[in-house]
Amino acid sequence: MKFAYRFSNLLGAVYRHGNLSFSKDGNSVISPVGNRVSVFDLKNNKSETLPVSTAKNITCVGLSPDGNLAILVDEDGAALLISLITRAVLHHFHFHKPVASIRFSPDGRKFVVTKENVALMYHAPGRNREFNAFVLDKSYYGPYDETTFTGPPRTCFMSPDMSTWVFGAERWSNLIYYSLGGHKDIMVGCFFEKDSLDLYTVSQDGTLCVWESDTELDGLVLRKTRLPAERGEEERGEGEEEEPRGEVIRGKGERPKEKQGTKNVRYKQRSKHFFNKEGDFNNLTAAAFHKPTHILVTGFASGIFHLHELPEFNLIHSLSISDQRIATVSMNSSGDWIGFGCSGLGQLLVWEWQSESYVFKQQGHFNNMAALAYSPDGQYIATGGDDGKVKVWNMTSGLCFVTFTEHTSSVTNVTFTSRGFVIVSASLDGTVRAFDLHRYRNFRTFTSPRPAQFSSLAVDPSGDLVSAGAQDSFEVFIWSMQTGRLLEVLGGHEGPVSCLCFSPVQSILASASWDKTVRLWDMMDSWQTTETLRLTSDGLAVSYRPDGQELAVATLDGEISFWNPQSANQTGSVSGRHDLEMGRKETDKITSKQSAKGKSFTSLCYSADGESILAGGQSKFVCIYNIREQILMKKFEISCNLSLDAMEEFLDRRKMTEFGSLALVDEGVGDGDGVELSLPGVRKGDMSSRHFKPEIRVSSIRFSPTGRSWAATSTEGLLTYSLDGALVFDPYDLDLDVTPASVRRQLRQAEWATAIVLAFRLNETALTQEVLEAVPHHQIAVVCGSLPDVYVEKLLGFIASALERCGHLQFYLSWSQSLLTQHGQKLKTRWAYLPSGAVLPTIQSLQKSIQKHFEDLSKLCDWNMYTIRYAVALSKQRGVKRTAGDALCDKDQSEDSEVMSEASLEETDMLM
């Protein structure tokens, strides 16, 4: 097995904190999710997480007007300049203070950053390579408090002192700075009118002020010399940091003096409007303005948004989209779509206001994700969370397409049946539920005679038996999927049942418990215990190898032991406590090395070929061990987000005082950056709200049945890692004569089978694709018949991966059909005798690719069929109208001919 896995996508979370941005064409929305950024393609219904991450949670994102560059700024002010084309980091920068907002100018040549009470204007990076991509141009001082918002194009920013400052982005002699009042609460937004200096200001108390300027854009006059204050010659104020070179413009309480021959720009309040308020907690929280259509969108703390047309302030419509606070609002370039982000529930919505319909509506688990399961074909992932929801995600699009909300408490485990059309979930509410993926409904609910909290779940390979383990009664319950009746209650454990797992080849159930035993139950022999495996510590996780010939158990002492289920003998063990490398939490009073002694793996999963095992637990690392050698092969760091707890190995001395750690101080609701909790049943106005810092951990790990990816549920969400063939050069049976030149020589000589064998021996993806696509279509069956058996599986695996990314559908389907027709029986025989069943992942990967194309083409054919039917009906309707029109024309022509014939007869009569 190769370990060239790389981060592929982040599912389970669509929005956390920060501002939303639309792409230049308006078809994609860019959403910050923790310390990563996800791009959602609204046209093609796909999502992608960029392979870049910041040190802490992202607070603001600045997108260039051409859509090629983006600036990501985290909580501490560290910034990344990334390219949205190459998905690469171009530059690192640090603003040294938390940044409130960042905006590019309309021409993309400059951008403005606000931090504390200053706005900094930088030259935006261009096409030329520069040592320092961020060059400071101007610094604007004016507000007496922290600046919160910037608005292009005239460098306008606001502060919580309820004032709005307008500064000149260029050296205008008649517009140096201007201060506007008129509000009684914190400012939320400020927007310029199109091609004008008129602007609108919105405050948190629901007040809109319309400001009119007495000067047009053409009336701004450039000055030729700098003022002394702009040369940085005056002394800096107390507490101000020394900034790099650049002009300094300081706003003052009095108006700037007018020069001779020039009149300063002045503003007057044209009108003042008030939004409807319902209660004290319905504050205005977000606003966005679209200049071409003059549409103002405002979001409120109650989840309601309003659409108004300015400057008349006409209400277009109002709608409630959530019961939580709307954190950010954004509009695309055409003004048709509006994006909303709700950080309380992790919601991301895109609303089309003209048709009043949702374009995009996604929500992740707003609490921790507890479990995940792959579908048998690897196309879908089911997840369960502490919020009591079961969500099903499409691996191709990365989006959730169905959510089941029947559970009333935390979901502890989920699994698919062998056919892949039923999802079974266990919960702490005392029920095990089965969901149908055809009708999207809960068709079975399994309960116990006495109330019990189910912490583990397993379904047998046939899908007829459902088992669940209780953590309070120490029993295992068995139900029938067909009838829903309780068949048996298995007793014998003396501690909570932590994990269940069915053998893939037999009706044997393995149950791990805190009583330091693993029991094997025979489902066909009166539910008797066939073997009892004695462990050295409490059992936490158990997993069967895909062929059912080996059993892996994770225990509380940090070890993974391997057992033979037939003989009940231990075949090996791996000590993984030191591989976890647990970090030190802020409230810990012991070192991370000491705290790691109490940590262990809580989730296990075999790879698809059975040669390796994945392990994860209370750590930021996921480990892959080689079972035969019993050594660590690779560790994956699932997160580098320092906003999560237990990420750093050593204590931060900067947070230590003579009274103890600053992390032990309860900061209250408004000061912390963690996750806000409220008492059960309280939606707003909870006086007991508090914050905590989420701890990094891995709750569940699963390998894809195709063997090409694996997924892990963590504090950040559902992380998927896929196999990257471009990272590894792994030739097979390489020789001196095997070169790209020799492969192409065989192609010119029409030796197709030999060329394919040499290409696979060299094992280069591009060369193999070139050779396959050079084979004539009528020669495919002949080549497949002459291909050696050892290369059949390799060719099937390559075709499965090529079908996912290539458009030659019929060509590669012909290869698949010929290979399976001529070598299907040999593959089946080989599959039966192989100890690990290595052929199965290849077949499942091929099935996944074909199923994906089948679904896409079936939808397209359905739409085409409906379009053709509509066109035929329309042509028939027009044909009927044309026939009726022709009949009328013929009637009129006959009447005219009769009249003319009568007239001609009259004329002949008169002549005679």
Side-chain angles (χ1 to χ4, degrees), residues 371-384 390-393 395 402 404 406-407 411-427 431-448 454-470 476-490 497 499-511 520-527 542-548 551 565 605-606 608 700 702-706 831-832 837 840-841 843-844 847-848 851:
L372 76 97
Y374 269 97
S375 63
D377 58 359
Q379 278 194 301
Y380 307 116
I381 286 183
T383 58
V390 176
K391 292 180 174 289
V392 187
W393 306 83
M395 287 297 295
V402 62
F404 300 105
E406 281 76 9
H407 284 295
V411 177
T412 55
N413 212 326
V414 293
T415 185
F416 277 87
T417 58
S418 57
R419 294 186 177 182
F421 301 124
V422 176
I423 297 175
V424 186
S425 61
S427 173
T431 63
V432 174
R433 298 178 183 270
F435 303 98
D436 185 5
L437 287 184
H438 284 308
R439 298 177 179 86
Y440 299 140
R441 63 185 181 93
N442 174 211
F443 70 95
R444 286 283 186 274
T445 301
F446 309 102
T447 58
S448 58
F454 299 115
S455 58
S456 55
L457 176 70
V459 179
D460 75 323
S462 65
D464 296 331
L465 298 178
V466 178
S467 64
V476 178
F477 298 87
I478 308 293
W479 295 275
S480 170
M481 178 70 78
Q482 297 294 331
T483 63
R485 295 178 55 187
L486 179 65
L487 300 179
E488 189 66 29
V489 178
L490 307 180
V497 180
C499 188
L500 297 175
C501 184
F502 269 100
S503 171
V505 295
Q506 296 176 335
S507 296
I508 302 295
L509 175 66
S511 60
L520 304 181
W521 311 83
D522 192 349
M523 299 291 102
M524 305 300 293
D525 188 13
S526 303
W527 324 98
V542 61
S543 178
Y544 267 101
R545 203 168 67 180
D547 61 352
L551 192 70
C605 180
Y606 275 92
S700 182
R702 290 293 181 269
F703 231 103
S704 172
T706 63
W831 182 12
L840 181 60
I843 301 298
Q844 289 177 331
Q847 180 188 1
K848 175 185 175 183
Q851 183 68 23

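Every heavy atom of this structure was used, including side-chain atoms; hydrogens, water molecules and symmetry mates were not. Every value quoted in this text rests on a predicted model; they were computed, and no experiment measured them.
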Just so I know, are the side chains of [X] and [Y] near enough to count as touching, which here means a heavy-atom distance under 4.5 Å?
X	Y	value
Val489	Val476	no
Val402	Phe435	no
Val411	Thr383	no
Leu465	Leu509	no
Thr706	Gln379	no

If you take all heavy atoms of [X] and [Y], which pair is closest and at what distance?
X	Y	answer
Gly463	Ser418	N-OG, 4.4 Å
Ala510	Leu520	CB-CD2, 3.6 Å
Thr417	Phe421	OG1-N, 4.1 Å
Tyr374	Arg702	CE1-O, 3.5 Å
Pro504	Pro461	O-CG, 3.6 Å
Pro705	Gly378	CD-CA, 4.1 Å

Output the distance between atom [atom1] ([X]) and atom [atom2] ([Y]), rounded to the nearest 0.5 Å.
X	Y	atom1	atom2	result
Ser455	Asn413	OG	CG	8.5 Å
Asp460	Ser503	CG	OG	10.5 Å
Met524	Gln506	CE	CD	11.0 Å
Arg444	Arg441	CZ	CZ	8.5 Å
Tyr544	Tyr606	OH	OH	10.5 Å
Asp436	Phe443	CG	CZ	6.0 Å

Please confirm whether the backbone N or O of [Y] pairs with a side-chain atom of [X], one donor and one acceptor, at under 3.5 Å?
X	Y	result
Ser543	Cys605	no
Ser427	Thr431	no
Asn442	Ala434	yes
Trp479	Thr447	yes
Arg433	Ile423	no
Thr415	Val424	no
Thr412	Ala426	yes

*Measure from the ring center of Phe454 to the ring center of Phe477 and say whether it is less than 6.0 Å.*
yes
